[in-house]
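Structure first, commentary second.
Every heavy atom of this structure was used, including side-chain atoms; hydrogens, water molecules and symmetry mates were not. All values reported here derive from a predicted model rather than from experimental measurement.
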Amino acid sequence: MAVAAGIFVNNIIAALGTANLDLDLESETELKVALFTNSITADFDASTANAAYGAGVFNANEVSGTGYSAGGLVITTTTLTGSSGVMTFDSADPSWSSSTITNARGALIYNNVLSPKSAVVLSNLGADYSTSNGTFLITVSASGWFNVDLVP
C-alpha cells in the first residue's frame, strides 16, 4: 500500500451535478487537512460515503502525537481561481507548531461540516516526514494543491 495523489471524482461530480453537494472550496472555516501514514490506498472513484474523512480507508492510519489533533486543522486563505482554462485550488501553508508527528505521508483535504466529511484531494508528501517538538509545515506548491485543465 502507498499514498497516491488525486482528486476524489465522485465528490466533485456530486458537487457539480444534480446532487448539489455543498462543497465550498473557498471556505475559511469548512475545509480541513488531516495527515495520514503511508498505510492507506485511496480509491479516487469511491462512493461519496467512502471518500470521506473517518470512512473507508480514512477511518484508520491517521497520524497522532503532541500538537496534532485528530481531524487535522482548518486550512485558511483558500482560493479557487481560473485562468486560461485552468482551475486552481490553493491555500496558505498549513503547519502544526510544537508537534511530535511520526511518518506523515499523505495530506487529505476534506469538508468538515458535510456528512459524510467529503474528501476533496489527497496529496502525497513525497516521503515520510516526522517532527520532534518542532513545526510540521506543508509548503503548498506555487501551482496550488491542485489544478484542472478545463480546455480539451
Side-chain angles (χ1 to χ4, degrees), residues 1-16 19-81 87-131 133-148:
M1 290 186 259
V3 173
I7 298 171
F8 292 88
V9 176
N10 285 323
N11 289 346
I12 300 301
I13 290 170
L16 299 174
N20 293 320
L21 181 66
D22 188 14
L23 191 58
D24 183 356
L25 294 179
E26 294 181 303
S27 172
E28 294 293 313
T29 58
E30 296 178 4
L31 298 175
K32 293 184 86 173
V33 59
L35 301 175
F36 288 84
T37 67
N38 199 29
S39 297
I40 58 171
T41 302
D43 177 0
F44 295 103
D45 292 319
S47 68
T48 55
N50 286 316
Y53 174 79
V57 298
F58 301 109
N59 196 30
N61 298 306
E62 184 174 5
V63 301
S64 62
T66 304
Y68 182 86
S69 298
L73 54 78
V74 174
I75 57 174
T76 59
T77 319
T78 55
T79 60
L80 185 64
T81 58
M87 178 181 72
T88 301
F89 172 71
D90 199 4
S91 76
D93 298 341
S95 67
W96 291 262
S97 60
S98 303
S99 64
T100 299
I101 296 170
T102 304
N103 295 330
R105 179 62 171 259
L108 176 71
I109 295 179
Y110 67 97
N111 186 303
N112 191 50
V113 299
L114 294 177
S115 181
K117 297 179 180 199
S118 300
V120 176
V121 65
L122 177 64
S123 181
N124 184 326
L125 302 177
D128 292 344
Y129 290 99
S130 301
T131 55
N133 195 26
T135 298
F136 191 100
L137 171 70
I138 298 175
T139 303
V140 181
S141 166
S143 301
W145 285 99
F146 69 83
N147 44 58
V148 179

Which pair of heavy atoms, one from [X] and one from [Y], lies closest together, and at what distance?
X    : Y    : result
E28  : V74  : O-CG1, 3.5 Å
F58  : A52  : CB-O, 3.5 Å
V140 : P94  : CG2-CD, 4.0 Å
P116 : T48  : CG-O, 3.4 Å
L114 : S118 : CD1-OG, 3.9 Å
N111 : V113 : OD1-N, 2.9 Å

- Aromatic contact, F146 with F89 (centres under 6.0 Å):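 Ring-ring flag for F146/F89: true, centres closer than 6.0 Å.
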
Would a distance-only check, ignoring hydrogens and angles, find a side-chain to backbone donor-acceptor pair under 3.5 Å from [X] to [Y]?
X    : Y   : answer
Y53  : G71 : yes
Y68  : L35 : yes
T131 : S99 : yes
N124 : V3  : yes

- Query: Tell me, which pairs form a side chain to side chain donor-acceptor pair (under 3.5 Å) where one or both residues lie in residues 88-98, sequence neighbours left out?
  - Reply: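 Sorted result for residues 88-98: S91-W145.
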
- Query: Testing T102, D128, N61 for side-chain contact (heavy atoms from CB on, under 4.5 Å) with T37, which one passes?
  - Reply: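 Result: among T102, D128, N61, N61 is the only option passing the side-chain contact (heavy atoms from CB on, under 4.5 Å) with T37.
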
- Residue of the set T78, I75, L122, L25 for which side-chain contact (heavy atoms from CB on, under 4.5 Å) holds with I109: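 It is I75; the other options fail the test.
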
- Query: side chain to side chain contact (heavy atoms under 4.5 Å, CB included) between K32 and Y110: does it pass, once the steps are laid out?
  - Reply: CA-CA 6 Å; K32 293 184 86 173; Y110 67 97; 3.5 Å; yes

Rounded distance [0.5 Å steps], [atom1] in [X] versus [atom2] in [Y]:
X    : Y    : atom1 : atom2 : value
T135 : I101 : OG1   : CD1   : 9.5 Å
S130 : R105 : OG    : CZ    : 11.5 Å
N112 : T29  : CG    : OG1   : 9.5 Å

